[in-house]
Protein chains: 2
Amino acid sequence: MVAATGVSVGHDELATLKHLALLGALDGEEKFSCSSLAERLDTSTQTASRRLQALDGAEYVDREVVSDGQWISITDAGESALQREYADYRRIFEGESSVELDGAVTSGMGEGRHYISLPGYMEQFVDRLGYEPFKGTLNVNLDDESVRTRARLSSFEPITIDGWEGDERTYGPAYCYPATVENDAGDRYEQAHVITPERTHHDEDQLEVIAPAKLRDELDLEDGSEVIVHVSEQ
Amino acid sequence: MVAATGVSVGHDELATLKHLALLGALDGEEKFSCSSLAERLDTSTQTASRRLQALDGAEYVDREVVSDGQWISITDAGESALQREYADYRRIFEGESSVELDGAVTSGMGEGRHYISLPGYMEQFVDRLGYEPFKGTLNVNLDDESVRTRARLSSFEPITIDGWEGDERTYGPAYCYPATVENDAGDRYEQAHVITPERTHHDEDQLEVIAPAKLRDELDLEDGSEVIVHVSEQ
DNA sequence: ATTACTAGTTTACGAGTAA
DNA sequence: TTTACTCGTAAACTAGTAA
């Protein structure tokens, strides 16, 4: 387990992060002072300072303290936290439990093919997804906006694929989300699933999709083909 | 000043309210137990219990404690709090700082006409809105959905009209928000403002709109005419 | 099983201060 | 002015218990 920086992010800190976002800290560095923030948050300057330290410690913001204030920008991790929150509210008020992710088909590294073929995973797919997947994953290179919005997925209740201990190594758990893949001709393949490892990587710009059939054939896809992946709740 | 019940609603309580909403407590009474909630909130059952008491005290939820749990439903005030939160996130991610409110023109009580005609208000309108309003307000009976979504307005930065002390009584402050009024023919009148008293009434189903001209003439409106009021940020 | 009280501990807070 | 430290106090937490 990688040691966290020890500073916990509670709801107060998240509310602070929301205010920073409203003040423009998502679009690059923005200058703040603890006193102005304290007024907005209706607390003391000391508490405002502590909140920023906590967000910094959790790597939700990058900041540079200067003599007359500090320059703050929200990190990708911080934005993801806000996206998850947004997804919750969208679900509450819009009933929207789907996320649309756009990108281009890529050949990827072929790792996915190896992993999903392992019996330990395959048996669970049959049991929990209701089909035996084609032995290969469709890799999608997400566009910039979708890289950001994919964080909303984590507000969904996933179908969990358990990990297990192998002979030489351990195989980690994975999360599956029902998905429909649409090509640029508007054809849709409905019975697919987005699959992501429980422990997320650093580059979240690739999406892996599994399905009972070979999606490249079903939807006439090749490298570079634009696809829309509609991810829904279980 | 009406005495609040003394229980403060912090970010922890709001997060709890969000979870209740996600679990369906907006659509009527839903049954919960503190232990199941505690698990979801990652706290102790005692804390879950206190959160619910706090939400109850703030009148954000109605609840009925029974022997094996409690029936909880979110009140209008609670839903408004969530709507304000949602509006913040929409602004962050969609850049949307506008709210669309639908309703039907009504004659109202004619109070608005009296109040806005007072010199104490009128001078501020000229100064801060940039025009002298027609001496009358367009009253709109909001439909059910708009009654709920109007809470999002309170996340906007209003144009503040100050109150003052009169000879016999005090005249309270009011908030104005730039608005465009659209009739069912699609005609739009852009230079209008929604005006609301700072101290909100209990019935929030009426919207009052002021404009430099008589909106009923400009947009060919009569009682019962459907209008769309697009309220934007200052 | 519940909810919610009381008691003891921990954590968070704001005032004051230093850099 | 800033930020962030220390410190004494106040609030919030969990454990145990009663209803």
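Each chain gets a letter, A, B and so on, in the order the sequences are listed, and its residues count up from 1.
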Charged N to carboxylate O under 4.0 angstrom, Arg128(A) versus Asp162(A)?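 Yes, charged N to carboxylate O under 4.0 Å.
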Once rounded to the nearest 0.5 Å, what's the spacing between atom NE2 of His230(B) and atom CD of Glu190(B)?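 Output value for this atom pair is 9.0 Å.
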Do any pairs count as a ring-ring contact (aromatic ring centres under 6.0 Å, His included) and have a residue in residues 148-167 of chain A, sequence neighbours left out, and if so which ones?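 Qualifying pairs: Tyr121(A)-Trp164(A), Trp164(A)-Tyr171(A).
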Provide the full list of ring-ring contact (aromatic ring centres under 6.0 Å, His included) pairs with a residue in residues 53-89 of chain B, sequence neighbours left out, each pair given once.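 Every pair satisfying ring-ring contact (aromatic ring centres under 6.0 Å, His included) with a residue in residues 53-89 of chain B: Tyr89(A)-Tyr89(B), Phe93(A)-Tyr86(B).
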pair [X]-[Y]: side-chain heavy atoms closer than 4.5 Å:
| X | Y | answer |
| --- | --- | --- |
| Leu41(A) | Thr47(A) | no |
| Ser146(A) | Thr149(A) | yes |
| Lys18(A) | Ile92(B) | yes |

Which residues in residues 17-29 of chain A have a heavy atom closer than 4.0 Å to any atom of DNA chain C?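 When residues 17-29 of chain A is checked for heavy atoms under 4.0 Å from DNA chain C, there are no hits whatsoever.
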In this structure, how many angstroms lie between the P atom of dA4(C) and the CG atom of Leu52(B), rounded?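 It is 8 Å, rounded to the nearest whole Å.
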Check the distance between dT2(C)'s C1' and Leu37(B)'s CG and give it to me in whole angstrom.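 Answer to the nearest Å: 13 Å.
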Evaluate whether atom CD of Glu198(B) has more than 12 neighbouring non-hydrogen atoms of other residues, nucleotides or ligands under 6.0 angstrom away.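 Check passes, neighbour count above 12.
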Using distance alone, with no hydrogens and no angle criterion, decide if Gln53(B) and Ser49(B) have a side-chain donor and acceptor under 3.5 Å apart.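 Yes, Ser49(B) and Gln53(B) have a side-chain donor paired with an acceptor closer than 3.5 Å.
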Check whether any side-chain N or O of Ser80(B) sits under 3.5 Å from a backbone N or O of Ala151(B) as a donor-acceptor pair, and report yes or no.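 Checked: no pair found.
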Which letters describe nucleotides 13-19 of chain D, given B = protein heavy atom under 4.0 Å from base, S = only from sugar-phosphate, - = neither? BBBB---
Within residues 64-75 of chain A, find the residues that approach DNA chain D with a heavy atom at under 4.0 Å, and present them sorted by residue number.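 Residues of residues 64-75 of chain A that come under 4.0 Å of DNA chain D are, in numerical order, Val65(A), Ser67(A), Asp68(A), Gly69(A), Gln70(A).
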Quick one: is dA4(C) close enough that its OP1 or OP2 comes under 4.0 Å of any side-chain N or O from Arg63(B)?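 So the side-chain polar atoms of Arg63(B) do come within 4.0 Å of the phosphate oxygens OP1 or OP2 of dA4(C), strictly under.
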Dot-bracket notation for DNA chain C, counting Watson-Crick and G-U pairs under 3.5 Å, with | for partners on another strand: .||||||||||||||||||
Within the 4.0 Å heavy-atom criterion, would you say Ser33(B) contacts the bases, only the backbone, or no part of the nucleic acid?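 Answer is sugar-phosphate: Ser33(B) comes under 4.0 Å of backbone atoms only.
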